[in-house]
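First comes the structure, then the notes that go with it.
In what follows, every chain begins at residue 1, and chains take the letters A, B, ... in the order their sequences are listed.
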Amino acid sequence: MDKTYEPHAIEQRWYAFWEERGYFAPSGQGAPYCIMIPPPNVTGTLHMGHAFQDTIMDALTRYYRMKGYNALWQPGTDHAGIATQMVVERQLAAEGKTRHDLGREDFIERVWAWKAESGGTITRQLRRMGASVDWARERFTMDEGLSAAVREVFVRLYEEGLIYRGQRLVNWDPVLRTAVSDLEVASAEENGFLWHIRYPLAEGGGDLVVATTRPETMLGDTAVAVHPDDERYQRLIGLHVALPLAGRRIPVIADEYVDPTFGTGCVKITPAHDFNDYAVGQRHKLPLLNIFTADARINENGPEAYRGLDRFEARRRVVGDLEELGLLDETRPHKLMVPRGDRSHAVIEPFLTDQWYVKTGPLAGPAIAAVKTGRIRFIPENWEKTYFDWLNRIEDWCISRQIWWGHRIPAWYDAQGRIYVGRGEAEVREKHRLGPEVALTQDPDVLDTWFSSALWPFSTLGWPERTEALDTFYPTSVLVTGFDIIFFWVARMIMMGLKFMGDVPYREVYIHGLVRDQDGQKMSKSKGNVLDPLDIIDGVDLDELVAKRTTGLMQPQMAPRIEKATRKQFPAGIHAHGTDALRFTFAALATTGRDIVFDMGRVEGYRNFCNKLWNAARYVLMNAEGRDTGAGGGDIELSQADRWILSRLQHAIAEANAAVRDYRFDQMAQALYEFTWNEFCDWYLELSKPVLTDPASSEAAQRGTRRTLVQVLETLLRLLHPLMPFVTEEIWQRVAPLAGKIPSNPPLEKGGAEGGGISIMLQPYPEVDPTLVDEAVVAEIEWLRQFLAGVRRIRSEMNIAPGKPLPVLLQQGSDEDRERLERHRRALATLGRLDAVAWLGESEPAPEAATALVGAMKILIPMAGLIDKAAEIARLTREVARLRQEAERGAAKLGNADFLGRAPAEVVEKERVRVAELQLAATKLEAQLTRIRHL
RNA sequence: GGGUGCUUAGCUCAGUUGGGAGAGCAUCGCCCUUACAAGGCGAGGGGCGGGGGUUCAAGUCCCUCAGCACCCACCA
């Protein structure tokens with residue numbers, strides 16, 4: 001093995017190996033385990049959120065695959081209607097064209113071409129992450145099969161009356177010129193004005209004043225409303241006002257909707273351009289007067305002077321004209337909630353159009369019940385509340401979009417405007433007996449992207465065909481996704497799954513947090529704080545990073561600021577860390593239900609961890625390759641250290657398994673990190689050295705240690721594999737033959753893989769072997785660690801050179817201490833750099849020495865020429881004070897009758913033991929202190 | 001206006017049924033000891049956001065206040 005860990009050199013090789021051999025496909029054996037990937041935008045690129053999510057899904061898939069499940073991670077991509085269309089339209093704009101210049105067919109062809117060109121990016125990146133998806137089953141939401149599923153669902157829902165077409169107010173994006181759903185609109189507070197406008201009474205006798213934030217909509221007013229109990233305006237109810245500028249006469253009505261305490265207590269009612277006013281209009285049977293075109297200019301229903309004006313220009317003109325007429329009472333600054341489209345960021349306009357809707361009421365009920373009854377479990381649980389709240393107030397879902405890229409709505413119209421819905425034009429003609437003489441035109445609209453996404457868990461498995469895959473993998477095991485799409489996607493998948501499959505789409509929903517930047521900010525292109533997962537994997541130099549962050553900005557003026565911040569944060573660019581380190585970082589940060597603040601320091605730490613593992617493996621191989629590891633028979637003798645590490649390994653195995661079951665990847669990562677570094681490397685490898693290097697140790701003992709080294713490492717690699725697939729595979733290919741997992745002859749020469757073709761990813765995940773758990777041995781090694789810790793502390797605090805051999809005297813040891821010393825004499829000498837260890841009789845005079853305790857046994861390091869007496873006195877004084885303080889606290893507790901009377905006996909006993917130990921230690925050290933002082 | 005989450009070491013975060021405050025990084029000291037300087041050995045550092053309550057015992061349970069973040073909502 002190379003001396004240093006070079007992730008780049010191993011990662012691509014192993015991925016290709018796995019993929020070519022078809023190792024990602026379900027085994028066909030065992031209970032099914034299935035995860036559907038949330039399909040990323042087909043023309044998109046991998047961001048940190050994907051990388052995080054993919055790490056979790058891959059860890060789960062690899063884990064359950066190793067556990068013997070018939071594991072499928074289903075891949076695929078989404079056509080992402082509006083988002084993708086916008087990208088292509090932007091490309092056209094650069095050529096000075098619009099989609100209308102091309103026409104619908106050519107434009108769609110152009111989008112397909114763009115998909116062909118860029119569609120491989122995200123799947124390539126997914127491969128770089130090590131994702132073990134079954135590529136043979138990759139699907140795309142607009143491929144033939146999924147499109148058929150979409151049509152099928154649409155037709156069935158329509159025939160049941162659960163899809164209908166209707167005219168009502170929708171959220172209209174005047175820039176994209178399409179309807180969008182409520183979910184695609186985000187309102188935020190912005191600065192505006194509240195204008196007070198005087199409307200003269202038509203019947204004469206004065207006027208009333210309305211307050212509005214949108215004066216231009218007055219051109220569409222069809223009433224003015226006051227509160228029915230508002231005494232100020234009682235006399236006006238039933239009268240009319242002469243609407244300025246428009247010159248229309250509209251009634252004054254009374255409606256509870258009006259808040260008399262806000263503004264003037266008079267509200268202009270524009271039913272065609274405001275959701276509340278629409279409702280008021282319905283109640284009072286007011287006419288709807290639409291004054292906007294699709295791009296929010298004043299249409300022919302507006303006064304001639306304003307026609308063709310953009311809504312904001314119209315606003316300026318209306319305000320100016322009112323002022324001239326003396327009808328503008330007041331203009332005051334006002335904060336208001338402005339709705340904007342989440343794609344275009346254009347101000348959304350309530351707009352009266354014909355759209356297709358899904359009637360959600362009948363679908364929501366079962367979706368609520370599925371979670372209430374526990375057939376679906378949210379992790380963490382509290383997201384259930386969010387889910388219920390939304391479903392309980394759900395509105396019908398507007399599913400039609402006036403764009404071109406997407407699933408065309410399977411509805412046709414004849415010349416009379418009659419609607420025919422079917423799986424295709426031929427079916428429609430046949431069903432309704434329409435001859436070729438009847439001209440039919442298909443509805444030009446396409447479906448909301450989320451409509452096809454909602455079918456993903458079953459459409460990808462072949463529905464509406466009844467396939468084996470569907471039988472095997474539906475319902476799937478778990479959905480891994482972010483909270484931001486619980487409404488968009490999760491709830492709708494559950495509704496559709498229950499409706500069309502008669503069962504839930506998955507049994508668990510694991511909701512993860514958002515990946516934020518080092519300051520806790522959301523990562524976004526416009527803030528210039530995004531990190532590309534591949535840059536963390538492969539590294540990137542500073543200039544390139546700056547260039548990536550500053551090109552293509554919506555607000556180019558931000559570039560200098562972004563550049564400065566980037567140069568400050570990454571003065572040397574980003575080093576290459578490798579996929580395994582990045583994945584391990586995500587796992588370690590993945591505490592449930594919490595956003596993660598991404599910290600490059602963590603990645604570095606885990607890259608070091610990979611390196612540590614790599615070097616530990618080098619050590620093991622160096623000592624085991626070509627040596628007798630006991631595979632060929634022969635006596636085996638296990639040392640205490642061997643038994644200890646095997647016992648601790650069982651503990652790590654138990655923790656790793658429990659952590660995955662609880663979706664606690666942070667605990668899994670931490671348990672394995674600690675075992676690897678603090679137990680296996682820091683102690684076991686060190687303890688193995690005296691055995692292997694000492695010519696006096698027996699063949700059987702050496703075999704035992706070599707075998708243990710290999711076994712523990714091999715098991716550890718399997719434990720780590722779901723989190724760090726690459727480095728574990730690379731090492732495993734070399735270690736496995738020594739552990740008897742791979743025939744040892746052919747593989748190595750041919751680079752391991754090509755020879756044997758066996759992979760760690762198909763090996764069983766470790767399970768606890770209770771016969772290897774040995775608490776007595778654990779206690780003994782703990783004794784040894786404390787012994788060495790005592791010596792090391794003295795050495796460090798007394799400033800004794802680490803390499804200088806030290807003599808040690810022991811006093812007041814038990815028989816057990818004596819036995820343990822004999823068993824570990826050589827280990828202590830090596831690890832502690834001790835030159836002689838001898839017992840000192842109870843009554844023998846002790847020399848001037850520094851002291852440490854292991855339980856009741858005293859370790860004395862003679863001070864002659866080595867130790868600073870003053871320093872030792874200071875050290876002991878500190879230590880005694882600490883012990884006394886602790887002991888006193890415990891003693892006070894034991895002196896409390898309530899504690900003794902009410903606490904469980906074992907708690908009291910534990911406290912007694914603890915206090916006794918503290919007091920004993922303090923007493924011994926005090927005695928030592930006195931002795932030193934008097935010497 | 002509703003709802004959810006968070007507040008523990010300088011930073012990022014663990015802390016399962018209430019019973020001796022932890023990890024990584026950072027900091028400080030000593031070491032290139034042939035697996036690893038991307039390392040080894042050792043050390044320092046915490047009023048667990050404030051207040052109140054329950055309990056023999058509270059980071060953990062209850063109430064309250066404050067700050068931060070996010071989600072939902074029609075106040076013109």
Using a 4.0 Å heavy-atom cut-off across all strands, classify [X] as base, sugar-phosphate, or nothing.
X        : answer
A:Cys610 : nothing
A:Arg602 : base
A:Lys910 : nothing
A:Thr212 : sugar-phosphate
A:Lys268 : nothing
A:Arg664 : sugar-phosphate
A:Lys689 : base
A:Asp682 : sugar-phosphate
A:Trp677 : sugar-phosphate
A:Arg607 : base
A:Val210 : nothing
A:Arg914 : base
A:Asn896 : sugar-phosphate
A:Arg594 : sugar-phosphate

Notebook entry, point to check: How long is the gap from CD on A:Glu190 to OG1 on A:Thr213, to the nearest 0.5 Å?
Noted result: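 It comes to 11.5 Å.
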Notebook entry, point to check: A:Lys3 side chain N/O closer than 4.0 Å to the phosphate oxygens (OP1, OP2) of B:rC36?
Noted result: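 The answer is yes; a side-chain N or O of A:Lys3 sits under 4.0 Å from OP1 or OP2.
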Measure from [atom1] on [X] to [atom2] on [N] and round the result to the nearest Å.
X        : N      : atom1 : atom2 : result
A:Arg661 : B:rU16 : CZ    : P     : 19 Å
A:Phe899 : B:rG18 : CZ    : C1'   : 13 Å
A:Trp683 : B:rC36 : CH2   : P     : 19 Å
A:Leu391 : B:rG3  : CG    : P     : 19 Å
A:Arg214 : B:rC75 : CZ    : P     : 15 Å
A:Asp580 : B:rA38 : CG    : C1'   : 15 Å
A:Tyr673 : B:rG24 : OH    : C1'   : 6 Å
A:Phe609 : B:rG39 : CZ    : P     : 12 Å

Checklist line | Nearest-angstrom distance, P atom, B:rG20 to B:rG59 | finding: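 Per the computed distance, 10 Å lies between those P atoms.
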Notebook entry, point to check: When you compare B:rU7 with B:rA14, how far apart are their P atoms, in angstrom units rounded to a whole number?
Noted result: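 So the two P atoms sit 7 Å from each other.
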Check: Are A:Lys612 and A:Phe680 in a cation-pi setup, meaning NZ or CZ lies under 6.0 angstrom from the ring centre and within 45 degrees of the ring axis?
Finding: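 Pair A:Lys612/A:Phe680 does not count as cation-pi.
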Notebook entry, point to check: Within a strict 4.5 Å, meaning less than it, do heavy atoms of the A:Asn171 and A:Phe275 side chains meet?
Noted result: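 Heavy-atom side-chain distance check passes, below 4.5 Å.
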Partner nucleotide of [N] by Watson-Crick or wobble geometry (both distances under 3.5 Å):
N      : value
B:rG1  : B:rC72
B:rG67 : B:rC6
B:rC28 : B:rG42

Item checked: Side-chain donor/acceptor contact of A:Glu686 with base of B:rA35 under 3.5 Å ->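 Counting by modelled atom types and ignoring angles, a donor-acceptor contact under 3.5 Å is found here.
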Notebook entry, point to check: Is it true that A:Phe378 and A:Trp383 have ring centroids separated by less than 6.0 Å?
Noted result: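 Between A:Phe378 and A:Trp383, the centre distance exceeds or equals 6.0 Å.
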Notebook entry, point to check: Can we call the ring centroids of A:Tyr606 and A:Tyr673 under 6.0 Å apart?
Noted result: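 When the ring centroids of A:Tyr606 and A:Tyr673 are compared, they turn out to be within the sub-6.0 Å range.
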Margin query: By nearest heavy atom, map A:Glu674 and A:Pro7 onto RNA chain B; which one lands nearer the 5' end?
Written below: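 Whichever sits nearer the 5' end wins; that is A:Glu674.
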Margin query: Given B:rA43, B:rC75, B:rG39, identify the nucleotide with an atom nearest to the side chain of A:Glu797.
Written below: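 So the side chain of A:Glu797 is nearest to B:rA43.
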